[in-house]
Protein chains: 2
Amino acid sequence: MAHVTTPPTRPEEDAAAATSEPAPPSPPTIYDVAKAAGVATSTVSRAFSRPGRVNAETAARVRRIAEEIGYRTNPMARALHTGRTSLLALVVADVTNPFFFEIIRGAEAAAAEKGYTMLVADVQESAESERLALDRTLPLVEGLVLATSRMSDSSIRVAAKQRPTVVLNRVMTDVTSVVTDNRRGTRAAVEHLVGLGHRSITYVAGPEASWVDGVRWRTLHEAGQELGLRVRRTAPQAPTLDGGRSAAQAVLATPSTAVVAYNDLLAIGLCQELAARGTDVPGDRSVVGFDDIFGADFCSPPLTTVAAPLRATGAHAVGLLLEQVGTRRPVVHRPALLPARLVVRRSTGPAR
Amino acid sequence: MAHVTTPPTRPEEDAAAATSEPAPPSPPTIYDVAKAAGVATSTVSRAFSRPGRVNAETAARVRRIAEEIGYRTNPMARALHTGRTSLLALVVADVTNPFFFEIIRGAEAAAAEKGYTMLVADVQESAESERLALDRTLPLVEGLVLATSRMSDSSIRVAAKQRPTVVLNRVMTDVTSVVTDNRRGTRAAVEHLVGLGHRSITYVAGPEASWVDGVRWRTLHEAGQELGLRVRRTAPQAPTLDGGRSAAQAVLATPSTAVVAYNDLLAIGLCQELAARGTDVPGDRSVVGFDDIFGADFCSPPLTTVAAPLRATGAHAVGLLLEQVGTRRPVVHRPALLPARLVVRRSTGPAR
DNA sequence: CAAACGATGGCAACCGTTTGTCATCGGGTT
DNA sequence: AACCCGATGACAAACGGTTGCCATCGTTTG
């Protein structure tokens with residue numbers, strides 16, 4: 001028996017259905033309310049938007065009648081005149097990357113709290129479709145949060161010129177940004193490893209286009225210098241499980257007893273492949289990731305990682321965004337630095 | 001060259017700000033294009049929407065000029081008149097649940113391909129905020145996909161009356177739905193376990209409000225009867241890692257050698273807790289999940305699971321939705337059944 | 001008692017597109 | 001030469017709210 005996937009449309013529908021429902025009744029407008037209440041449309045409008053502007057009694061009556069009729073203000077009509085759509089866009093490189101989960105959550109919650117709706121656009125790691133998505137959504141929204149944009153700074157500026165914008169995990173001079181404190185986070189990781197006796201660390205690099213990758217590597221490098229460590233770096237990897245797996249070879253080729261990976265996905269992939277090759281983590285090598293994504297606690301072994309305040313990042317970004325949305329003139333804050341926190345699990349241990 | 005648009009009496013804002021940027025230039029409208037091209041606005045409009053309706057030459061000229069000026073049609077103005085917003089909403093119970101990743105991806109891709117933008121709304125497992133989200137988004141969108149709605153059938157019908165709607169993982173008589181073939185999937189899991197010698201299975205139940213939970217349990221129960229198995233069921237659990245952990249106690253209290261969990265999250269949580277209590281999986285108990293979410297392959301042990309065609313589900317739902325969007329009269333298809341597939345990994349093994 | 005005033009509500013002009021309807025025009029028919 | 005016709009483009013009326021401005025009215029103030 002075959003699985004019926006697309007049952008064809010049934011053509012007899014029209015005639016049959018016409019009996020059940022008489023007509024698609026168009027929803028009541030402000031005119032209907034005005035007529036029913038015996039006032040002008042302007043009064044109805046103001047009863048909602050400027051409660052002080054009309055007599056309290058009148059306003060109450062209008063609202064009651066609107067309620068009865070089932071009136072709901074048409075957001076498009078409002079937007080046409082005011083420009084206020086109550087829509088915000090959050091552009092993420094990849095919705096399926098757990099890194100964005102809590103960011104989305106935080107952003108959405110903060111937006112909803114202020115009466116805004118979040119439009120989440122997934123651009124599948126491509127600058128091209130990111131531009132496309134912006135084209136589509138920019139005219140609709142009042143503000144923009146770019147989480148890990150893959151576009152150039154100048155493309156971002158173009159967008160930022162059109163709508164208030166906040167970027168995440170990337171620092172720009174003329175666009176407000178929110179980043180986690182990668183320097184401190186990285187240092188915490190290094191100190192943790194040093195405390196366990198490690199004297200040599202390999203960094204598994206992420207995408208070259210990543211601003212954050214640069215920061216993490218540089219800090220690691222500096223810290224290494226200061227503390228007299230031997231620090232190495234692999235070739236850039238895609239920030240995925242597969243990227244991590246394919247870095248195993250390079251890692252095993254080094255004598256480093258500790259590995260710091262660009263992010264958790266990479267770290268988890270690496271652990272998998274190391275295990276497959278008979279290398280024990282943390283017995284033979286210690287592994288640290290970044291971000292503390294979903295899964296970092298139930299992979300094997302549970303991952304020691306520099307946790308990013310993902311949810312707070314999303315929420316904070318929206319907060320900053322909303323500050324700008326009202327004002328005519330764009331406000332650029334200096335980068336907000338959110339604290340990172342080292343979470344020690346079982347992928348790190350004493351050096352061999 | 002300046003195309004003087006509509007000179008809206010702009011009382012030259014504060015002098016101070018005027019230094020940085022001259023003025024927030026309002027984007028060009030159809031009027032600007034019309035004037036520049038020396039035609040009426042209707043011609044401009046039709047040059048885009050009804051290319052056949054105007055002289056090909058004129059149309060080309062208009063479009064060229066529009067391009068030069070940087071004209072983009074204002075979606076709100078269009079929507080106000082036509083009702084077409086090119087927006088679809090996908091309501092998910094929990095964006096941070098990996099179950100939805102590929103559904104979102106599939107839906108978004110299918111929507112984008114047809115020129116629609118997906119609005120993803122997270123309702124945090126609450127019927128209350130689901131209603132709220134619908135209130136906010138319903139007037140904006142042309143169609144609705146409800147993935148695992150937590151609302152009652154009647155609430156769903158109310159929404160479906162206002163906009164074309166497709167529900168996922170739930171079967172309703174008068175709303176189009178897309179579900180995975182849970183019956184076959186469940187049977188496959190049971191047969192797999194029986195093949196390994198298990199004669200007694202415990203089902204770790206999911207939320208009572210879940211339609212899918214009912215199907216899975218009933219099928220499991222039936223299959224048990226037919227095959228002469230001993231089948232038990234735990235109390236309902238939240239479909240999360242924690243839910244899985246807290247089910248461990250109940251599972252250990254049974255003599256069942258195999259466990260089928262409502263979903264992967266539950267299964268993974270259960271495995272964790274079993275491990276913590278010294279129970280070996282699959283040595284002492286075999287565990288099967290549902291859905292094959294992100295993480296099912298790298299948890300410990302990698303999970304045997306009934307994989308749902310998540311991406312196809314999302315895409316298919318949008319396909320069905322878009323069929324209805326054009327038509328005035330709602331079309332209800334019968335439920336589309338998408339095939340499930342058993343993925344055997346290492347959480348199942350021979351019965352003790 | 002007149003002038004001034006604050007509160008309140010209505011009028012009408014937008015916001016930017018779409019689209020039904022109508023006028024015009026050049027050309028082909030008869 | 002009268003007529004009809006298709007093609008093309010302009011006019012103007014929506015779509016559903018918002019808001020600046022004015023008229024009215026009952027009060028307060030000098």
Side-chain angles (χ1 to χ4, degrees), chain A residues 24-63 65-66 69-87 138-140 142 326, chain B residues 3 5-11 24-63 65-66 69-87 138-140 142 326:
Chain A
S26 60
T29 74
I30 204 172
Y31 290 94
D32 302 320
V33 179
K35 191 178 303 173
V39 297
T41 62
S42 48
T43 304
V44 178
S45 173
R46 288 196 266 252
F48 288 106
S49 53
R50 301 238 188 312
R53 182 62 177 70
V54 354
N55 186 309
E57 244 175 67
T58 317
R61 186 164 51 88
V62 167
R63 282 207 288 273
I65 293 186
I69 294 190
Y71 165 76
R72 318 242 32 186
T73 133
N74 177 327
M76 264 99 61
R78 184 218 297 290
L80 182 54
H81 190 258
T82 62
R84 305 202 315 97
T85 58
S86 298
L87 247 33
L138 216 53
L140 280 173
E142 294 184 53
Chain B
H3 7 345
T5 67
T6 41
T9 42
R10 186 168 296 145
S26 58
T29 74
I30 205 171
Y31 290 96
D32 303 318
V33 179
K35 192 178 303 177
V39 298
T41 61
S42 47
T43 305
V44 178
S45 173
R46 289 197 260 254
F48 288 105
S49 53
R50 301 237 187 316
R53 182 63 177 69
V54 348
N55 188 309
E57 243 174 68
T58 316
R61 186 164 50 87
V62 167
R63 282 206 289 272
I65 294 186
I69 293 188
Y71 165 76
R72 319 242 33 188
T73 130
N74 177 327
M76 263 101 58
R78 185 217 297 287
L80 181 55
H81 191 262
T82 62
R84 304 201 317 98
T85 58
S86 297
L87 246 34
L138 216 52
L140 281 173
E142 293 184 54

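Excluded from the calculations below are hydrogen atoms, water molecules and symmetry mates; all remaining heavy atoms, backbone and side chain alike, are included. Numbers restart at 1 for each chain; the letters A, B, ... are given by sequence-line order, proteins then strands.
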Side-chain heavy atoms of [X] within contact of [Y], under 4.5 Å:
| X | Y | answer |
| --- | --- | --- |
| B:Ile30 | B:Thr73 | no |
| B:Val54 | B:Val39 | no |
| A:Ile65 | A:Arg61 | yes |

Rounded to the nearest 0.5 Å, the OG1 atom of A:Thr85 sits from the CZ atom of A:Arg78 at a distance of 10.5 Å
Rounded to the nearest 0.5 Å, what separates atom NZ in B:Lys35 from atom OG1 in B:Thr29?
8.5 Å
Residue whose nearest DNA chain D nucleotide is more 5′ - A:Val44 or A:Arg53:
A:Val44
What is the distance, rounded to the nearest whole Å, between atom CZ of A:Phe48 and atom P of C:dG9?
15 Å
Can you check the B:Asn55 CG to D:dA10 P distance for me, whole Å?
12 Å
Sugar-phosphate, base or nothing in reach of A:Ser49, heavy atoms under 4.0 Å:
nothing
Protein-nucleotides 11-17 of chain D N/O pairs under 3.5 Å:
from   : atom 1 : to      : atom 2 : distance (Å)
D:dC11 : N4     : B:Ser42 : OG     : 3.2
D:dG16 : N2     : A:Ala77 : O      : 3.3
D:dG17 : OP1    : A:Tyr71 : OH     : 3.4
D:dG17 : OP1    : A:Asn74 : N      : 3.3
D:dG17 : OP2    : A:Ile30 : N      : 2.5
D:dG17 : O5'    : A:Tyr71 : OH     : 2.9

Using only side-chain N and O atoms of A:Arg50, determine if any of them is under 4.0 Å from OP1 or OP2 of D:dT19.
yes
Do any N or O atoms from the side chain of B:Ser45 and from the backbone of B:Thr41 form a donor-acceptor pair under 3.5 angstrom?
no
